[in-house]
Amino acid sequence: MTQGASSTSRLAEFEYPSAEVIECPFPFYEALRAESPVHRLPNGDILISRWADIVHVVRHPEIFSSVVGPYNEHVLGGPRVGGDDDGPWQLSFSDDPDHKRNRTLNYFLATAEQLRRFEPRIRAIADGLIDGFLEQGEVEFRSAFAAPLPRRVMMDILGLPPADEARFARWFSGQGPRGARLAAPEDQAKEANNRLELADYMRKLIVERVDQPGTDYLSQLARAQVARDGTLDLPYLVTECVGLFGAAVATTAHFIANALLVLLQYPDELARIRHDQAPLRPLLDEVLRFESPVQWSGRVAAIDTELHGVPIPAGSNIQLMWGSANRDETRFEDADRLWVGRPGLAKYHVGFGYGMHRCLGAPLARQEAEISLQQILARLPNIRLAEGAEITHIQAMNQRAPRTLPIRFDVV
Ligand code: HEM
């Protein structure tokens with residue numbers, strides 16, 4: 001039972017975190033919003049579940065800081081991966097003024113011009129993956145497409161050698177820094193080790209790119225950082241690039257898998273999109289709301305504070321439950337229904353977060369998902385869930401996606 005729930009409450013029926021709630025968290029979120037919108041777990045973590053409260057929190061970074069690392073050692077899998085305990089945190093774990101300076105430095109990640117350059121490369125990566133299973137008539141979509149596509153895209157953008165892909169797959173097989181704190185100790189240790197190995201790899205590569213710059217993002221970022229600061233800040237660049245990869249890969253893989261699963265579960269939408277691809281963007285936005293790949297992000301109370309009368313001591317870990325805010329009926333009419341073309345959706349859904357830390361890679365993630373679905377629908381006729389496929393979800397605390405997605409299609 002969660003703390004603060006009386007025996008007559010619906011909330012009392014749920015254990016969090018637990019395998020059952022992670023499999024389908026939405027009834028739990030509903031009970032939270034109704035009964036305990038600022039909810040303290042037995043370990044002291046505070047869950048914030050209503051849309052309006054989450055917006056309030058992100059608008060007050062002086063009270064609810066993003067610099068969560070110093071308060072829980074497992075957030076980054078150990079000390080700052082860049083190797084300098086006094087260096088800055090990566091973007092998503094920083095507050096202003098560091099955050100503003102570094103967000104400006106990274107702004108060119110997903111500009112319209114970059115997206116135009118990436119477009120044919122993403123399409124080629126998507127087609128190459130489809131070629132690998134086109135003749136089979138069936139495939140496990142997550143491992144054959146959704147997971148490798150964003151990994152290859154990010155490796156391409158950063159200019160990393162394709163031969164290193166297997167190593168990247170291993171480094172990113174875990175829960176990511178935000179969810180890791182609640183994971184089992186052996187998983188935390190594995191996560192920490194993966195991050196340090198990745199950091200070593202990035203460090204070597206950045207040094208190479210500084211010596212021999214290319215046109216890739218890594219070279220551009222290093223050049224921009226030196227132009228801004230006068231000297232190379234290797235710990236910062238390593239930390240940022242490791243973080244960037246972590247932010248970009250699993251999230252987009254989940255998004256692509258969730259989008260295809262939703263289409264397969266809603267045949268009317270699938271038929272509509274096959275006939276006319278105009279609703280693809282609105283569908284993808286609705287998927288980000290309905291099945292948010294990132295279910296929550298962390299903050300930490302910088303000072304003693306309170307919300308709705310609930311005391312929040314300084315140092316408390318706070319979970320901003322994006323997945324719950326996106327189902328908040330006071331913000332979204334008929335929130336538990338998939339509604340493609342939902343009015344006001346793009347403005348209000350928080351699938352990419354909200355405010356100053358809103359996802360910097362959002363346009364790229366959308367582009368990857370859009371191209372993926374375009375190519376999948378164009379090239380795999382009569383696509384459907386494999387008979388008897390039982391969909392269960394990954395057991396990551398803060399992420400949502402099907403564990404596997406077995407599909408069938410006609411071979412022509
Ligand atoms: C569907 C895929 C994605 C989802 C659902 C997603 C979700 C999010 C969310 C919820 C945040 C806000 C975190 C917070 O407020 O604490 C965020 C931030 C961020 N995301 Fe994404 N993301 C995705 C893809 C990407 C991609 C592809 C990239 C990079 C290429 C990326 C880079 C970032 C960065 C750098 C931040 C930190 C921004 C800042 O702190 O100013 N994300 N993302």
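Just so you know, ligand 1 is whichever comes first in the structure, and atom 1 is the first atom listed for that ligand.
Considering backbone and side-chain N/O of Arg299, one or more are found under 3.5 Å from N/O of ligand 1. Distances between N or O atoms of Arg103 and those of ligand 1 include at least one value under 3.5 Å. Taking distance alone, with nitrogen or oxygen atoms compared against 3.5 Å, Glu368 stays at or beyond that limit from ligand 1.
Proximity of Leu109 to ligand 1, defined as any heavy-atom pair under 4.0 Å, is confined to the side chain (atoms from C-beta onward). Here Trp322 has side-chain heavy atoms under 4.0 Å from ligand 1, and that is the only part of it that gets that close. Contact annotation: for Leu364 versus ligand 1, heavy atoms closer than 4.0 Å belong to the side chain alone. Heavy atoms of Phe255 found under 4.0 angstrom from ligand 1 belong exclusively to the side chain.
Within the structure, the closest approach of Ser66 to ligand 1 does not fall below 4.0 Å when heavy atoms are considered. Using a 4.0 Å heavy-atom cutoff, His254 is absent from the residues neighbouring ligand 1. Residue contact annotation: His99 has a non-hydrogen atom under 4.0 Å from ligand 1. The shortest heavy-atom distance from Arg366 to ligand 1 is not under 4.0 Å.
Every atom of ligand 1 is numbered from 1 in the order shown, and the set under 4.0 Å from a heavy atom of Thr251 is 1 (C), 2 (C), 3 (C), 4 (C), 23 (C), 24 (C). Residue Ala248 approaches ligand 1 through these ligand atoms, each under 4.0 Å from one of its heavy atoms: 25 (C), 26 (C), 27 (C), 28 (C), 29 (C), 30 (C). Short contacts between ligand 1 and Met356, defined as distances under 4.0 Å to a heavy atom of the residue, involve ligand atoms 41 (O). For ligand 1, the atoms lying closer than 4.0 Å to a non-hydrogen atom of Val294 are 5 (C), 7 (C). Short contacts between ligand 1 and Gly353, defined as distances under 4.0 Å to a heavy atom of the residue, involve ligand atoms 10 (C). Which parts of ligand 1 touch Ser297 is read off a 4.0 Å heavy-atom cut-off, strictly below it: atoms 13 (C), 14 (C), 16 (O). If you number the atoms of ligand 1 from 1 as listed, the ones under 4.0 Å from a heavy atom of Thr252 come out as 2 (C), 24 (C), 27 (C).
Between Arg152 and the options Val249, Ile157, Leu129, a side chain to side chain contact (heavy atoms under 4.5 Å, CB included) holds for only Leu129. Between Arg228 and the options Asn102, Thr104, Asp233, a side-chain hydrogen bond (donor to acceptor under 3.5 Å, both in side chains) holds for only Asn102.
Cation-pi geometry between Arg358 and Phe352 is not met at under 6.0 angstrom from the ring centre and within 45 degrees of the axis. A cation-pi arrangement is absent between Arg299 and Phe64 under the rule of less than 6.0 angstrom and at most 45 degrees off the ring axis.
Looking at Ala253, Gly243, Gly323, Cys359 and measuring to atom 17 (C) of ligand 1, the nearest heavy atom belongs to Cys359. Remark: among candidates Ala365, Pro363, Gly351, the nearest residue to atom 5 (C) of ligand 1 is Gly351, based on non-hydrogen atoms.
Between the side chain of Ser292 and the main chain of Gln295, no donor-acceptor pair closer than 3.5 Å is present. Panel note: side chain Asp229, backbone Thr231; no donor-acceptor pair is recorded below 3.5 Å. Under a 3.5 Å cut-off, the side chain of His357 and the backbone N or O of Asp95 do not form any donor-acceptor pair. Looking at Ser372, its side chain does come within 3.5 Å of a backbone N or O of Glu368 through a donor-acceptor pair.
By the 30° and 60° cut-offs, the orientation of the rings of Tyr217 relative to Phe108 is tilted.
Checking Thr330 against Trp51 by side-chain atom types alone, no donor-acceptor pair falls below 3.5 Å.
Residues Phe332 and Arg289 form a side-chain contact, since some pair of their non-hydrogen atoms from C-beta on lies under 4.5 Å apart.
Within the 6.0 Å centre-distance limit, the rings of Trp171 and Tyr201 are counted as a close aromatic pair.
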